[in-house]
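Please read the structure below before turning to the comments.
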Amino acid sequence: MALPYTHHYDLSFSALNLKKFGSSHLQPICCLRCNSSVSSSPFTEKHSLQRYQRDQWVYNNDNQQRPSLSCDDEAASCSVPADSDSIRLNDITLQLPELRKLLQVLKHKRESCGGEVPKSGLGDVFLVGTGPGDPDLLTLKAVKVIQKADILLYDRLVSNAVLDLVGPDARLLYVGKTAGYHSRTQEEIHELLLSFAEAGATVVRLKGGDPLVFGRGGEEMDFFQQQGIQVKVIPAELGIPLTHRGIANSVRFLTGHSRKGGTDPLFVAENAADPDSTLVVYMGLSTLPSLAQKLIHHGLPPDTPATAVERGTTPQQRMVFAELKDLADKIKTAELVSPTLIIIGKVVALSPFWPQSLTEASRLVEV
């Protein structure tokens, strides 16, 4: 399958292309030096003991010395190199054998299970937001998906308490990023997700906070959409990232309610018509014609993608997609009723439900 990246990350040493990074002579490390000073953090810090204990399966390679976990600062004789790029590449080199082995196990599991294998041969892919860290704030759907996953790729800001919910037979793989150290590039994360999906696994991408607000969740959704794979996003249902790099750098929540109960919305500031922002309008059914008129008057393009969602996430959910100038008429024709949420902005075209989603999404991403 052709992918729009300069190197194809398919869990093979050649695909990783260490020479590209000037690190072709790197040797797998024999000791992972952990920072015990971050043990009190509720999150997964980049070189914490908790991280390596949690992901220890991926370093268990029979063909090379198994790395030891050390919290001793004097373990420098076999510790990881000092610069972050060498650390990252050594870590990947050490993990690849077990990752490839897991892929084979998952493929065998899929082929040997009873019943007919689906035509696509693909596993389910979930993008799950874990909120601020308290597991009690997770949705029931998120908990169910986390507990049934085969493999979970998790970020730094997924709390330890949330990770404790993972099933006993699942595999965890850290792909977190901090300033100056990315354990995986975004392209490598995409390819890891795709490789496990193609092996038939139930794959969960765990992200802190809301994955569709400054979480690059939209990029991961778009990547899979280009491969013809639909990602299920939890807790989101519409497949619309409220922010997306290069498309929408902010989001505004507006009330469409009129103070006097009429058809004219509350004052709409000129800067609300920012084409690089996403607008989410509550209680805006009756005032939408006037609101759309004001936004266009202030400079928002009339062909800006928009959607209205009636009774979202319920069995009675209905959606209308249209350009901003036509949305009010489409809502009237569909006879949508309250409660209806309205979303206006270029990100709406990234939704898999947008009529020209593939063409429009590719154009937006290229821009």
Side-chain angles (χ1 to χ4, degrees), residues 210 212-214 217-219 221-222 225-226 233 236-312 317-367:
D210 186 325
L212 300 186
V213 179
F214 304 118
E219 293 176 49
M221 285 173 52
D222 177 63
Q225 197 169 333
Q226 289 182 44
V233 185
E237 286 287 331
L238 308 179
I240 301 174
L242 295 182
T243 64
H244 193 98
R245 288 160 73 99
I247 297 175
N249 54 28
S250 66
V251 56
R252 290 180 171 87
F253 299 92
L254 305 177
T255 174
H257 186 64
S258 171
R259 186 173 294 158
K260 297 178 181 178
T263 59
D264 191 48
L266 292 173
F267 174 73
V268 179
E270 186 173 349
N271 62 7
D274 179 4
D276 295 324
S277 183
T278 303
L279 298 179
V280 181
V281 184
Y282 295 79
M283 301 174 291
L285 263 185
S286 61
T287 60
L288 178 63
S290 177
L291 175 64
Q293 210 172 47
K294 287 187 176 185
L295 290 172
I296 293 170
H297 172 73
H298 285 311
L300 198 62
D303 61 352
T304 299
T307 183
V309 187
E310 175 194 282
R311 301 169 182 173
Q317 173 178 303
R318 293 195 296 157
M319 302 173 67
V320 168
F321 286 88
E323 294 178 347
L324 177 59
K325 60 181 171 54
D326 302 321
L327 184 62
D329 290 338
K330 289 286 184 72
I331 289 174
K332 186 176 180 181
T333 301
E335 298 182 341
L336 298 191
V337 298
S338 178
T340 292
L341 188 72
I342 296 167
I343 304 174
I344 303 167
K346 291 183 288 186
V347 292
V348 173
L350 298 177
S351 169
F353 304 113
W354 179 253
Q356 297 83 30
S357 59
L358 276 175
T359 304
E360 185 71 8
S362 298
R363 185 187 68 79
L364 284 171
V365 171
E366 285 172 8
V367 171

Which heavy atom of [X] sits nearest a heavy atom of [Y], and at what distance?
{"X": "Ser250", "Y": "Ser277", "answer": "OG-OG, 3.0 Å"}
{"X": "Arg252", "Y": "Ala272", "answer": "CD-CA, 4.2 Å"}
{"X": "Gly217", "Y": "Leu212", "answer": "C-CD2, 3.8 Å"}
{"X": "Trp354", "Y": "Val348", "answer": "CB-O, 3.7 Å"}
{"X": "Pro305", "Y": "Lys346", "answer": "CD-CA, 4.1 Å"}

Q. Which residues satisfy the side-chain contact (heavy atoms from CB on, under 4.5 Å) test with Arg245, sequence neighbours excluded?
A.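 Testing Arg245 for side-chain contact (heavy atoms from CB on, under 4.5 Å), a comparison that skips the adjacent residues, returns Arg216, Glu219.
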(Q) Tell me every residue that passes side-chain contact (heavy atoms from CB on, under 4.5 Å) with Pro339, counting only those two or more places apart in sequence or in another chain. (A)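 By the side-chain contact (heavy atoms from CB on, under 4.5 Å) rule, Pro339 matches Arg311.
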**Q.** Any donor-acceptor pair under 3.5 Å from Ser351 side chain to Ile240 backbone
**A.**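 No: the side chain of Ser351 does not pair with the backbone of Ile240.
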Q | Donor-acceptor pair, side chain of Thr287 and main chain of Gly256, under 3.5 angstrom | A |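 Yes: the side chain of Thr287 pairs with the backbone of Gly256.
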Result block: side-chain N/O donor-acceptor pairs under 3.5 angstrom for residues 321-338, not counting sequence neighbours:
| from | atom 1 | to | atom 2 | distance (Å) |
| --- | --- | --- | --- | --- |
| Glu323 | OE1 | Lys325 | NZ | 3.0 |
| Thr333 | OG1 | Asp329 | O | 3.0 |

Indicate yes or no: at least one non-hydrogen side-chain atom of [X] is less than 4.5 angstrom from one of [Y].
{"X": "Ile343", "Y": "Leu238", "answer": "yes"}
{"X": "His244", "Y": "Leu350", "answer": "yes"}
{"X": "Thr278", "Y": "Thr243", "answer": "no"}
{"X": "Leu341", "Y": "Tyr282", "answer": "yes"}

Q: For Leu279 and Leu295, run side-chain contact (heavy atoms from CB on, under 4.5 Å): C-alpha distance rounded to whole Å, both residues' side-chain angles, the deciding distance at 0.1 Å, then the answer.
A: CA-CA 10 Å; Leu279 298 179; Leu295 290 172; 3.7 Å; yes
Distance, nearest 0.5 Å, that separates [atom1] of [X] from [atom2] of [Y]:
{"X": "Ile344", "Y": "Leu288", "atom1": "CD1", "atom2": "CG", "value": "6.5 Å"}
{"X": "Phe214", "Y": "Asn249", "atom1": "CZ", "atom2": "CG", "value": "7.0 Å"}
{"X": "Ile342", "Y": "Glu310", "atom1": "CD1", "atom2": "CD", "value": "11.5 Å"}

